[in-house]
K.L.:
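Got a structure for you, written out below as structure tokens; questions coming shortly.
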Amino acid sequence: MGQNQSSIKEEIDIADLQQMYKKFVTECPSGALHLHEFKRLFGVSANNEASQYVDCMFASFDRNGDNTIDFLEYVAALNLALRGKLEHKLKWSFKIYDKDGNGSVDKQELKEIIQSVYSIKRDWKRDPDAQLLSPDEVCNRIFQLVDENGDGQLTLNEFLEGAKRDRWVSKMLQLDTTPCTWVMEQRRKSTLF
């Protein structure tokens, strides 16, 4: 779930950025990426268990709320992924986890996103057996370590402070906001990229 920040090689270089731009223009000649196209890029169908996560991720990238991602929004997402500070990435992740937008994350919201991320990674990760904990175990452990007042809700402050205190929590709470890593992996696996 978390990003590997130790490897700069995972970041894109100019050639990869040019390839992404070409892919964006090819896939979205109108200049706008729609939700169904976004899901197709991630290999997610409407009935796939990862669909909700991709819906939330799409909504967070669609900054102007027009139900499309234009190239500027796409670049903003890449900027967050590649150059964003840890706190910004965690705030973005919190927004994704907080599916109902009530300002806190409950166990069900956390578990659903964890399951979705596992589903996406299972489809493209090189080592699908690297997952050691189940989504329930991850969720319970995060709440045990982060839910300071034991109310079954993670506030943004608990979320941020928990990630700062514990490296494992930080890794688990950071969603993979690096679409470039996914795109590069898909390009290696497929002639489409």
Side-chain angles (χ1 to χ4, degrees), residues 1-7 10 35 38-39 42 44 46-63 65 73 76-182:
M1 277 183 45
Q3 294 177 300
N4 179 0
Q5 296 197 7
S6 64
S7 176
E10 289 297 316
L35 179 59
F38 191 72
K39 285 184 175 184
F42 281 87
V44 173
N47 57 2
N48 186 307
E49 63 182 0
S51 183
Q52 287 183 340
Y53 168 66
V54 174
D55 289 346
C56 292
M57 190 168 41
F58 181 87
S60 74
F61 291 155
D62 179 18
R63 304 292 293 181
E73 290 167 326
L78 286 177
N79 188 53
L80 170 69
L82 299 176
R83 295 187 183 91
K85 294 180 180 179
L86 175 61
E87 185 171 339
H88 294 133
K89 291 177 184 183
L90 286 168
K91 284 180 179 179
W92 178 83
S93 293
F94 183 84
K95 186 177 175 181
I96 299 296
Y97 283 116
D98 183 17
K99 291 179 10 178
D100 62 9
N102 70 352
S104 64
V105 175
D106 63 32
K107 283 188 177 184
Q108 186 61 35
E109 287 173 316
L110 183 66
K111 182 180 165 186
E112 286 175 8
I113 296 299
I114 291 168
Q115 287 173 324
S116 296
V117 171
Y118 275 12
S119 175
I120 289 172
K121 286 192 166 198
R122 192 177 324 122
D123 292 338
W124 64 270
K125 193 172 182 179
R126 288 183 188 145
D127 183 10
D129 298 324
Q131 167 185 320
L132 300 176
L133 299 175
S134 72
D136 281 324
E137 292 168 325
V138 170
C139 184
N140 290 335
R141 185 170 175 196
I142 287 172
F143 267 84
Q144 183 180 37
L145 295 170
V146 176
D147 187 13
E148 293 175 2
N149 60 6
D151 67 351
Q153 302 283 322
L154 300 180
T155 64
L156 176 59
N157 190 52
E158 287 175 318
F159 194 88
L160 294 173
E161 292 303 314
K164 289 177 186 174
R165 275 194 316 269
D166 189 290
R167 185 178 176 145
W168 180 84
V169 169
S170 178
K171 181 179 178 190
M172 297 310 289
L173 290 179
Q174 286 184 74
L175 293 171
D176 280 328
T177 58
T178 316
C180 60
T181 302
W182 185 88

K.L.:
With a 4.5 Å heavy-atom cut-off, do V138 and W168 have their side chains touching?
P.N.:
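A side-chain contact under 4.5 Å exists here.
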K.L.:
Listed by chain and number, what are the side-chain hydrogen bond (donor to acceptor under 3.5 Å, both in side chains) partners of E109, not counting sequence neighbours?
P.N.:
none
K.L.:
Between F159 and F94, what is the ring plane arrangement, given parallel below 30°, perpendicular above 60°, and tilted in between?
P.N.:
perpendicular
K.L.:
K99: which residues meet the salt bridge (Lys or Arg N to Asp or Glu O under 4.0 Å) condition with it, sequence neighbours left out?
P.N.:
E112
K.L.:
Can you measure from NZ (K107) to CG (D136) and round to the nearest 0.5 angstrom?
P.N.:
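So the gap between those two atoms works out to 9.5 Å.
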K.L.:
The criterion is side chain to side chain contact (heavy atoms under 4.5 Å, CB included); which residues satisfy it with L160, sequence neighbours excluded?
P.N.:
E87, L90, K91, L156
K.L.:
How close do A163 and S170 get, heavy atom to heavy atom, and via which atoms?
P.N.:
O-CB, 3.2 Å
K.L.:
Enumerate the salt bridge (Lys or Arg N to Asp or Glu O under 4.0 Å) contacts for residues 156-168, please, sequence neighbours excluded, ordered by first and then second residue.
P.N.:
E148-R165, E161-K164
K.L.:
Under 4.5 Å between any side-chain heavy atoms of K39 and F58, yes or no?
P.N.:
no
K.L.:
Please enumerate all residues that pass side-chain hydrogen bond (donor to acceptor under 3.5 Å, both in side chains) together with S104, with sequence neighbours excluded.
P.N.:
N102, Q153
K.L.:
For N140, check side-chain hydrogen bond (donor to acceptor under 3.5 Å, both in side chains) against everything at least two apart and list the hits.
P.N.:
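Expected list: none.
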K.L.:
What's the spacing between D106 CG and Y97 OH if we round to 0.5 Å?
P.N.:
13.0 Å
K.L.:
Using the test ring pair (Phe, Tyr, Trp, His ring centres under 6.0 Å), find all partners of F143 that sit at least two apart in sequence or belong to another chain.
P.N.:
none
K.L.:
If every non-hydrogen atom of L154 is compared with every non-hydrogen atom of V146, which pair is closest and at what distance?
P.N.:
CD2-CG1, 3.7 Å
K.L.:
Once rounded to the nearest 0.5 Å, what's the spacing between atom NE2 of H88 and atom OG of S93?
P.N.:
12.5 Å
K.L.:
Taking D151's backbone N and O only, do any of them form a donor-acceptor pair with D147's side chain (distance below 3.5 Å, no angle check)?
P.N.:
yes
K.L.:
Write down the atom of I114, the atom of C139, and the distance for their closest heavy-atom approach.
P.N.:
CD1-N, 4.1 Å
K.L.:
Quick one: salt bridge (Lys or Arg N to Asp or Glu O under 4.0 Å) partners of R141, sequence neighbours excluded?
P.N.:
none
K.L.:
About how many Å separate CD1 of I142 and CG of L110, when rounded to the nearest 0.5 Å?
P.N.:
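Nearest 0.5 Å value for the CG-CD1 distance: 5.0 Å.
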